[in-house]
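Down below is the structure, laid out as structure tokens.
Protein chains get the first letters and strands the later ones, always in sequence-line order, with residue 1 at the start of each.
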Amino acid sequence: MTQMTMVTAINDALRSEMRADERVVLLGEDVGKEGGVFRVTAGLQQEFGEDRVVDTPLSETGIMGAAVGMALGGLRPVPEIQFADFIYPALDQLVNEASKYRYRSGGEYTCPMTVRVPVGGGIRGGHYHSQSPESMFIHTAGLKVVCPSNPYDAKGLLLSSIRDPDPVLFFEPKRVYRALKMDVPEEDYTVDLSSAKVVREGEHVTCVAYGAMLFEAVAAAEEVKQQGIDVEVIDLRTLWPLDADTVVESVKKTGRLCVVHEAARACGLGGEMVAEVCEKAFLHLEAPPRRITGWDTPFPYTLENEYLPLAHRITPALLETARY
Amino acid sequence: MTQMTMVTAINDALRSEMRADERVVLLGEDVGKEGGVFRVTAGLQQEFGEDRVVDTPLSETGIMGAAVGMALGGLRPVPEIQFADFIYPALDQLVNEASKYRYRSGGEYTCPMTVRVPVGGGIRGGHYHSQSPESMFIHTAGLKVVCPSNPYDAKGLLLSSIRDPDPVLFFEPKRVYRALKMDVPEEDYTVDLSSAKVVREGEHVTCVAYGAMLFEAVAAAEEVKQQGIDVEVIDLRTLWPLDADTVVESVKKTGRLCVVHEAARACGLGGEMVAEVCEKAFLHLEAPPRRITGWDTPFPYTLENEYLPLAHRITPALLETARY
Amino acid sequence: MEIQQSYPPSALPWGGDQEVFAVLDNEGHASASKDPRLPLALVKRIYETMLRGRIIDERLMKLQRQGRIGFHVGAEGEEAAIVASAAAMEPQDWLAPCYREVAAALYRGLPLQTYIDNMYGNADDTCLGRQMPDHVTARDQRYVSVTAPIGTQITQAVGLAWASKLKREDVVSAAYFGDGATSSNDFHAAMNFAGVFKTPCLFLLRNNGWAISVPADRQTASRTYADKGIAYGVPAVRCDGNDALAVYATVSAARARAAAGEGPTLIELVTYRLGPHTTSDDPTVYRDKAEVEEHAKADPIVRLRKYLEHQGAWTTEDEQRFTAEAQAELKGCIDKAENTPEPSIASMFEDVYATMPAHLAEQQRQCVEGPRAKKKH
Amino acid sequence: MEIQQSYPPSALPWGGDQEVFAVLDNEGHASASKDPRLPLALVKRIYETMLRGRIIDERLMKLQRQGRIGFHVGAEGEEAAIVASAAAMEPQDWLAPCYREVAAALYRGLPLQTYIDNMYGNADDTCLGRQMPDHVTARDQRYVSVTAPIGTQITQAVGLAWASKLKREDVVSAAYFGDGATSSNDFHAAMNFAGVFKTPCLFLLRNNGWAISVPADRQTASRTYADKGIAYGVPAVRCDGNDALAVYATVSAARARAAAGEGPTLIELVTYRLGPHTTSDDPTVYRDKAEVEEHAKADPIVRLRKYLEHQGAWTTEDEQRFTAEAQAELKGCIDKAENTPEPSIASMFEDVYATMPAHLAEQQRQCVEGPRAKKKH
Ligand SMILES: Cc1ncc(C[n+]2csc(CCOP(=O)(O)OP(=O)(O)O)c2C)c(N)n1
Ligand SMILES: Cc1ncc(C[n+]2csc(CCOP(=O)(O)OP(=O)(O)O)c2C)c(N)n1
Ligand SMILES: [Mg+2]
Ligand SMILES: [Mg+2]
């Protein structure tokens, strides 16, 4: 065990998988010599050379198209998009190509690749270094979407993602990158995709969150605890396919649901989850399921802490839901 | 009044607005000499010349980027994306640029433009000529999203869209293009954006739909009528900003909600609407709100009528919801 | 033939920078100095596949008019560009097609029945009726799954080439695409990446004069499409795409360069789309009949047939026999395809992921057990 | 100076196709044959804005290190490329900036206070603290809102130019972008559209040698960035971007071409990024100090100052006086900005649409009336 930040844990996962599997290739802007603008890939080009850790020209279209081709050709590419905000030039390759290859070829071709994408706010990045576009990828059949909240899960989920036979969008919450350290095994281990985790048991309200907002959900849970309210907090970890069972089981117990995410509310994952729970556990619901999310505005710079659904906004929602 | 198809009604709206406002410019692939692959812009280049009805090179990035620039420069561009499936190369300009111009410039710059996008299935188009990506644009703050279901609304909504001070995604359901004719005034009229329409009153279940699926919702309503169930059918018309009032009022009356759309279910507009209704009318709900949508698979070719949420799938959902 | 760095353009191996490399004239006479002198058996195989492609196209067009298939995109007039280029590649090479190149897969042995099943989207279709007709997948032929969005296969071909480079395999990839596709994002990214990383990749640009209704002068202001190679440091050549021998010679030279580690080549195959864009298209709205008639004079099939005839390697009887056989085979395949049922409804939910997740299993159950649509599929 | 169709490249007006047009040497001596002989008042205004830009950059870098602002992207070494080009445009022309060109807006009269308020994202910031620092909007200066996604402003500049062409206005647009941006989709689309539609548009490519950590030979295999014009039939020239006189001459010639209806020009301004990419960047990880030192010798500010000194139009006292005044003005602006409150929370919901829709009014109410975050903004 070593104490690792999420940055170190991801670096460690990449390194160990590149040692174990020579099909794994990293490519992206500034990932090589510089080791990534967040230093997540630091040292990897030194160890694995310029052929396997590739600094590309400034084109997300090229990165993703080449990665799809590499995957078709038997490699396991791990492209990096420098910020989620810059993923749109790669959308055609993700939505029309990577996601549909298996389906449209009747399984003759597959596209195993893991797209690493720093995501979310909390680093004073404004409109263009803070976005959380995960719902666009959830909406696209054929993609898996992962978002770890901590170093341990980050390593285990990343190893699962790289080994997964399907394309995975791996969202890394920038706000968590260096925010905490925790014990992470040096050896190989995986965390199953599609398994949400109950990180805190409780019986009054179910609160679902992921990524950086998980900590806010937990903080809010601690706060309402003082008022006698026991919140069950679920860390989704894999956003899609959704581990609906874990969420629904919890709601069946608590009768109440709050979903937290920093992505904008309209057509975000929160609505999806509310609808899913309504379909599967309607008669158990004792209060209106609530969403605590980013507002339906672009992500602002100065007021980012007013934009984000931080604990101060989750707390009253939990209280109201519990007392409904 | 003249009998018009949706194709003629849109053509008529474009023609009359181009006559009235010389800032209106059309651009896109094959929109000029050919008059569009669906003939929606037929005859317009003859009348308005190559400067105002522009055949562009094959680049949705270029079409949208140029349109944004034209809008900044005081024109009212109406770019066409040949099929919604090909909008992804334009996503960066829509999500990062058009949608945020007013906001990020504190209102100094605005981006009034109407992106015409043939959308949806029902024409045997398979994966790449059938998609319904509207939820991606709903998720993006700053865009308006419109989808008419009939020729009359198409003309009135298109005129409102072109005159709107903000960027509008105008989705035209291909399945409806020539499916019906109706009386459409030759003169100028508008249909308000953000006003859903109750197209059929009823007291037992609220069924919300839009675009081509509206007809399926109505057909299903007719069918269940025979079993004594009265369905209120709402045509959203403008998908975003949502006319939540009309929907919520109806649900308060009926206590039951079914949402229909052909877009995939995960993070589609259905989930958004269910969550919204739960937040606003939870205590009125007497049955779990239901979604009848495209499946979470790519859009298939041969089995498209099994993929689409046609009347045969809506009917049992209405019955179950009513009898819950 | 040797392809050199094409910059400045006047250094192209066959003289002037605007010159289009050709071997055959319209009467099927080969230029003595340029004739690659291919074995006649090879030329015959190329010719037969071209002819077969034409026969299939004509039949499928009719089937579409009769409403028996939903759609077809033909290659009339572009057979040399498609088949001779595929012939010049090695069997282990990847082909990343646009949507007009099924004859390349047929050349490599794609069973006709497989193709026709795809045209019908039936239960025997390799992609189970999920894609439109002509969106073929042929893994055994190392022919990548066809997609509609213009250009996306070009960057993928670079990725495929890159993979073989990293794996040190003698595998080159070739992307087929049209003149319109040069305006796409993927063309730009692919050429740029290929130039920087020297991937063993050929860019086979079928310049057929039109992108649906848009002609070259509306597509680009560059002097030629080949000129675009200069922007990426990718050597580029122009070649008569209606001349199977020229296409073969050019592509095999470029393939050899790529295999030798010298990087990518852009090959502008100058050809012409004699038919409509697809069965959905009516070209009379936007182009002159006279233009089409002019180009029909350079029909690649006629030119190659005459060449073979001059060599004494093909006769009217051969033509009749081959045509009759091809038509018979085709008829058999169509009959079979028309008698094959639709894919199962359950199959609609398979292959979205390697393992079916819970939500799809649930949707599958709902769909399979639910009522059926009244409208015939 | 006349810019001709640059194809073949050897027809460039200033000789060899690889030549970089320059007027000044590093000692500030102008080539007699090339000197555009600009009025000294104009050169002084250019020089003063360049110097002012440098002074501001140095101060903002320090403010960022002190944690008083969150971020800064400087232009050290690129001042001539930015300011002299802006000076060569007409006031009614549109500038579509990348993110390093605020000095162009200052040249056109953007009040310094407005810029500094933007650096602080305070209530007086024209975009109300919605964007990161340096993402300036300056409508009065016909300076389009700065955005981070690389390349998007290039197609927009084509659209702006197109609008003025359709409106028959004497308005040209200029897009600024870096060498890295030539790999973007928008560069490709913009150049292509500009070529086909002959829009009155200049492509001002600041080739500063680096795209964060990626040098030119990893960005493209084309011989020069200017060569990329050939792919689009857009005339292209190379110009010493550290030579204000050369930049002015080149840009004004291209502007005249555009205004005369002769279409777009790609201008490669060869310069060098002396500083880090932004305050978030540590260039020592990826580039040699020696390289930077070498380039520092061609510092555009020093060269232009020496030129002015040779003309007797600038003295050490001028320099000191100007610097002191600029610093004092800057200090005043910073003080004011630091004492201006944050934008109101309500403002976060405004300007998403022209009229606030119901859902945003509701969210605004929830936010304004809800509890406040503990963490300081
Ligand atoms: C991204 C995208 N935009 C638009 C289309 C619609 N479309 C299909 S084919 C085509 C023209 C393609 O022309 P070209 O590349 O020259 O190929 P050709 O059909 O001539 O072989 C267009 C515009 C598409 N398939 N994909
Ligand atoms: C689409 C996109 N991808 C990645 C980035 C991250 N990024 C910001 S600046 C930059 C390098 C830009 O280099 P260049 O165009 O040469 O401009 P310079 O900074 O050198 O002026 C990168 C990769 C971005 N802003 N946008
Ligand atoms: Mg073509
Ligand atoms: Mg640069």
Contact origin within A/Ala67 toward chain C - heavy atom pairs under 4.5 Å: neither
What are the two closest non-hydrogen atoms of C/Ser145 and A/Tyr109, and how far apart are they? N-CE1, 3.8 Å
Do the side chains of A/Leu75 and C/Leu166 get nearer than 4.5 Å, heavy atoms only? yes
Residue A/Lys197 excluded, over 12 heavy atoms near NZ under 6.0 Å: no
Counting only non-hydrogen atoms closer than 4.5 Å, does A/Lys144 touch chain C with its backbone (N, CA, C, O), its side chain (CB onward), both, or neither? both
Examine whether an atom of C/Ala354 lies under 4.5 Å from a heavy atom of chain A, and if so say whether it belongs to the side chain, the backbone or both; otherwise answer neither. both
Mind checking whether C/Phe193 and A/Ile63 have side chains closer than 4.5 Å, heavy atoms only? yes
Looking at A/Glu22, I want to see if its CD is surrounded by more than 12 non-hydrogen atoms of other residues, nucleotides or ligands under 6.0 Å. no
Region of A/Pro165 in contact with chain C, defined by heavy-atom distances below 4.5 Å: side chain
Side chain, backbone, both or neither: which part of C/Met348 has an atom under 4.5 Å from a heavy atom of chain A? both
Would you say the side chain of C/Asn185 lies within less than 4.5 Å of the side chain of A/Pro89, judging by non-hydrogen atoms? no
State whether a side-chain donor-acceptor pair under 3.5 Å links A/Glu108 with C/Thr137. no
Has the side chain of A/Arg104 got a donor or acceptor atom that lies under 3.5 Å from a matching backbone atom of C/Gln131? no
Quick one: CZ on C/Arg142 to CG on A/Leu72, what's the gap to the nearest 0.5 Å? 11.0 Å
So, the part of C/Ser164 with a heavy atom under 4.5 Å from chain A: the answer is neither
Counting heavy-atom pairs under 4.5 Å with chain C, the top scorer among A/Asp92, A/Leu143, A/Leu27 is A/Leu143
For residues C/Thr155 and A/Val68, determine if any side-chain heavy atom of one lies less than 4.5 Å from a side-chain heavy atom of the other. no
Side chain, backbone, both or neither: which part of A/Asp166 has an atom under 4.5 Å from a heavy atom of chain C? side chain
Under 3.5 Å: donor-acceptor pair, side chain of C/Lys167, backbone of A/Gly73: yes
Given C/Val196, C/Thr152, C/Val158, the one with more heavy-atom pairs under 4.5 angstrom with chain A than any other is C/Thr152
Going by distance alone, is a donor N or O of one side chain under 3.5 Å from an acceptor N or O of the other, for A/Glu97 and C/Gln153? no
Option that, when pairs with chain C are counted at under 4.5 Å, heavy atom only, ranks first among A/Ser59, A/Ala141, A/Pro57: A/Pro57
Measuring heavy-atom distances to chain A, does C/Val352 have an atom under 4.5 Å in its side chain, in its backbone, in both, or in neither? both
Report yes if some heavy atom in the side chain of A/Val25 is under 4.5 Å from a heavy atom in the side chain of C/Trp162; otherwise report no. no
With a 4.5 Å cut-off on heavy-atom pairs, point out which of C/Asn192, C/Thr355, C/Asp186 contacts chain A the most. C/Asp186
Go through A/Met64, A/Met70, A/Arg52 and name the one with the most non-hydrogen pairs under 4.5 angstrom from chain C. A/Met70
Can you say whether A/Ser105 sits under 4.5 Å from chain C via the side chain, the backbone, both, or neither, judging by heavy atoms? both
Side chain to side chain contact (heavy atoms under 4.5 Å, CB included) partner of A/Tyr101, chosen from C/Asp351, C/Thr147, C/Val144: C/Val144
So OG1 of A/Thr61 and NE2 of C/His188: to nearest 0.5 Å the spacing works out to 9.0 Å
Between A/Tyr103 (side chain) and C/Glu350 (backbone), is there a donor-acceptor pair under 3.5 Å? no
From A/Ser194 OG over to C/His359 NE2, what is the distance, rounded to the nearest 0.5 angstrom? 9.0 Å
dist C/Tyr353:OH -> A/Leu193:CG (nearest 0.5 Å) comes out at 11.0 Å
Roughly how far apart are C/Glu362 CD and A/Lys280 NZ, rounded to 0.5 Å? 4.0 Å
With a 4.5 angstrom heavy-atom cut-off, could you sort out which part of C/Ala138 is near chain A: side chain, backbone, both or neither? backbone
